[in-house]
2 protein chains.
Amino acid sequence: MDKKTEQKKVFLEIVQQLRQLIKMEKIQAGEKLPSERVLSERLGVGRSSVREALRSLELLGLIETRHGGGTFLASTHKHQLVEILSMFILEDEKSKKDVELTRQIHEMEAIRVISCTEILRTLPVWDSFFVKLEIEGTINCRDILRELLITTGNRLSLKIWFQLAAYDGDRLNRNSTEDEKLMIQTMLKSMQLGYEKEALKAYEQWMSTVQSI
Amino acid sequence: MDKKTEQKKVFLEIVQQLRQLIKMEKIQAGEKLPSERVLSERLGVGRSSVREALRSLELLGLIETRHGGGTFLASTHKHQLVEILSMFILEDEKSKKDVELTRQIHEMEAIRVISCTEILRTLPVWDSFFVKLEIEGTINCRDILRELLITTGNRLSLKIWFQLAAYDGDRLNRNSTEDEKLMIQTMLKSMQLGYEKEALKAYEQWMSTVQSI
DNA sequence: TCAAAAAAGTGGTCTGACCACTTTTTAACG
DNA sequence: CGTTAAAAAGTGGTCAGACCACTTTTTTGA
């Protein structure tokens with residue numbers, strides 16, 4: 001069995017061997033990998049094959065290469081999984097409505113999670129938004145939403161949100177209007193008090209306003 | 001600006017150009033791409049550079065290569081991506097948890113949307129699940145969840161879900177146990193009746209069961 | 001007409017070369 | 001001796017050519 005799997009894809013074996021090497025040598029994030037020429041010799045393959053494997057891992061953000069410097073194991077937060085996938089998924093999916101809806105799915109979930117979690121909904125950062133709204137009278141819409149996502153602690157959801165939010169462009173990355181002020185305040189206040197439903201309602205009102213901009 | 005972004009990563013530009021080429025030539029899934037030598041000439045770069053880009057896309061499962069045959073645009077996303085990423089990324093427990101949570105975010109949203117939409121929650125497909133459960137006593141977990149996502153009509157959410165569901169692998173793609181039967185039935189029934197809250201509650205119970213498998 | 005053989009096309013791999021850049025070593029100077 | 005500048009070595013980036021194995025297409029010949 002597994003004839004097809006094993007006889008083919010030599011460069012995939014190199015990827016496997018690279019991983020094994022990383023484990024064996026206990027290479028930590030940020031540390032240097034052996035040079036391409038050394039890897040080529042140690043693995044008994046040509047340098048170009050090594051490079052094909054390395055470039056694949058680089059596209060995924062699993063390693064970083066510095067011209068003339070070397071190849072380094074990337075830290076987990078730099079993995080470009082979502083970025084790469086979004087490059088292909090979002091590009092095909094022309095429906096802007098879906099992008100917006102999906103973005104809002106993540107935002108609403110964040111509101112739910114924060115509203116239901118004592119520690120999260122009582123964070124001082126929410127008060128800082130209030131202060132900013134009072135003093136300056138306005139606030140960056142994207143900043144609030146991003147803070148929501150960050151607070152939940154779900155880094156994957158945050159990464160997806162970043163990609164989706166990038167498509168909305170300037171419509172999201174702007175200062176709130178006077179009309180939005182009350183909705184945002186209501187949303188934040190409800191969230192702080194743990195009123196999930198009210199927070200979501202205010203959010204939806206806010207978003208329907210944003211939509212018409 | 002963007003000095004660092006542009007001066008580096010020449011092979012990443014090739015990846016971009018390949019995408020562009022696929023779009024321009026309107027190459028459909030399963031269809032053939034130009035040969036490496038032709039691409040090399042058309043893009044004005046060496047064949048090895050083209051290969052590095054192609055191998056990256058292959059690792060992502062976006063293209064398929066047949067020795068002596070050619071390079072083809074992949075019909076569906078293959079498991080390569082899952083395997084590679086699980087090797088490097090999903091070793092971290094936090095990441096696994098995030099993947100599961102994010103997947104559930106999309107599933108719960110689907111349940112909400114369907115429960116609140118007359119046309120969706122009264123679809124005959126839900127009854128078919130009931131029948132299947134009655135007759136065979138079991139049902140594929142993944143099938144139900146996929147149907148939920150498909151029904152909502154948000155194709156982007158569906159695509160993201162597909163990717164996330166792939167990580168859970170066999171834990172999701174299996175037949176339901178006897179214990180799960182009641183929860184699934186409750187979830188579906190509540191959904192059909194428009195009882196959003198009850199449906200979600202049953203779903204969460206179900207998922208907590210799945211988690212222990 | 002059709003099957004076998006030849007040719008062309010294609011991916012897979014390796015080697016060597018050269019460039020640009022970084023790091024290390026060496027040499028020169030004060 | 002210490003500092004600094006130059007040289008060397010190390011490293012990734014790219015290209016060209018070669019050869020192999022395999023597939024597809026074309027040609028050949030019975």
Next on the checklist: What I want to check is whether the side chains of Q185(B) and E134(B) have a donor and an acceptor closer together than 3.5 Å.
Outcome noted: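 The criterion, which ignores hydrogens and geometry beyond distance, is satisfied for E134(B) and Q185(B).
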
Item to check | N175(B)-E136(B) side chain donor-acceptor pair, cut-off 3.5 Å | outcome: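 Side-chain D/A pair, N175(B) to E136(B): absent.
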
Separation of [X] atom [atom1] from [N] atom [atom2], in whole Å?
| X | N | atom1 | atom2 | value |
| --- | --- | --- | --- | --- |
| L57(B) | dG11(C) | CG | C1' | 16 Å |
| E36(A) | dT14(D) | CD | P | 10 Å |
| E41(A) | dG16(C) | CD | P | 12 Å |
| L39(B) | dG12(C) | CG | P | 13 Å |
| R66(B) | dC22(D) | CZ | C1' | 13 Å |
| E58(B) | dT13(C) | CD | P | 10 Å |
| E64(B) | dT10(C) | CD | C1' | 16 Å |
| L54(B) | dG12(C) | CG | C1' | 13 Å |

Any side-chain heavy-atom pair of [X] and [Y] under 4.5 Å:
| X | Y | result |
| --- | --- | --- |
| F129(A) | I139(A) | yes |
| C141(A) | W206(A) | yes |
| Y203(A) | M191(A) | no |

Next on the checklist: Tell me the closest heavy-atom pair linking I114(A) and L148(A), and the distance in Å.
Outcome noted: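 Shortest heavy-atom contact: CD1-O, 3.5 Å.
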
Checklist entry - Does a side-chain N-to-carboxylate-O contact under 4.0 Å join E58(B) and R55(B)? => result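 Yes.
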
Checklist entry - Taking only N and O in the side chain of T65(A), is any of them less than 4.0 Å away from OP1 or OP2 of dG13(D)? => result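 Checking T65(A) against dG13(D): at least one side-chain N or O falls below 4.0 Å of OP1 or OP2.
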
Next on the checklist: Looking at R51(A), I'd like to know whether one of its side-chain N or O atoms comes within less than 4.0 Å of OP1 or OP2 on dG13(D).
Outcome noted: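 So the side chain of R51(A) is within the cut-off, an N or O lying under 4.0 Å from OP1 or OP2 of dG13(D).
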
Just the atom pairs and distances: protein N or O near nucleotides 4-9 of chain C's N or O, under 3.5 Å.
{"from": "dG9(C)", "atom 1": "N2", "to": "G68(B)", "atom 2": "O", "distance (Å)": "2.9"}

Checklist entry - Of M108(B), E109(B), H106(B), which meets side chain to side chain contact (heavy atoms under 4.5 Å, CB included) against E109(A)? => result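 Testing each of M108(B), E109(B), H106(B) against E109(A), the sole residue satisfying side chain to side chain contact (heavy atoms under 4.5 Å, CB included) is M108(B).
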
Next on the checklist: A cation-pi test, strictly: NZ or CZ of R146(A) under 6.0 Å from the centre of the six-membered ring of F162(A) and no more than 45 degrees from its axis. Yes or no?
Outcome noted: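 Output no; distance or angle outside limits.
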
For nucleotides 15-17 of chain D, give me every protein contact, N/O to N/O, under 3.5 Å, one pair per line with atom names.
{"from": "dC15(D)", "atom 1": "OP2", "to": "G46(B)", "atom 2": "N", "distance (Å)": "2.7"}
{"from": "dC15(D)", "atom 1": "OP2", "to": "S49(B)", "atom 2": "OG", "distance (Å)": "2.8"}
{"from": "dC15(D)", "atom 1": "O5'", "to": "G46(B)", "atom 2": "N", "distance (Å)": "3.3"}

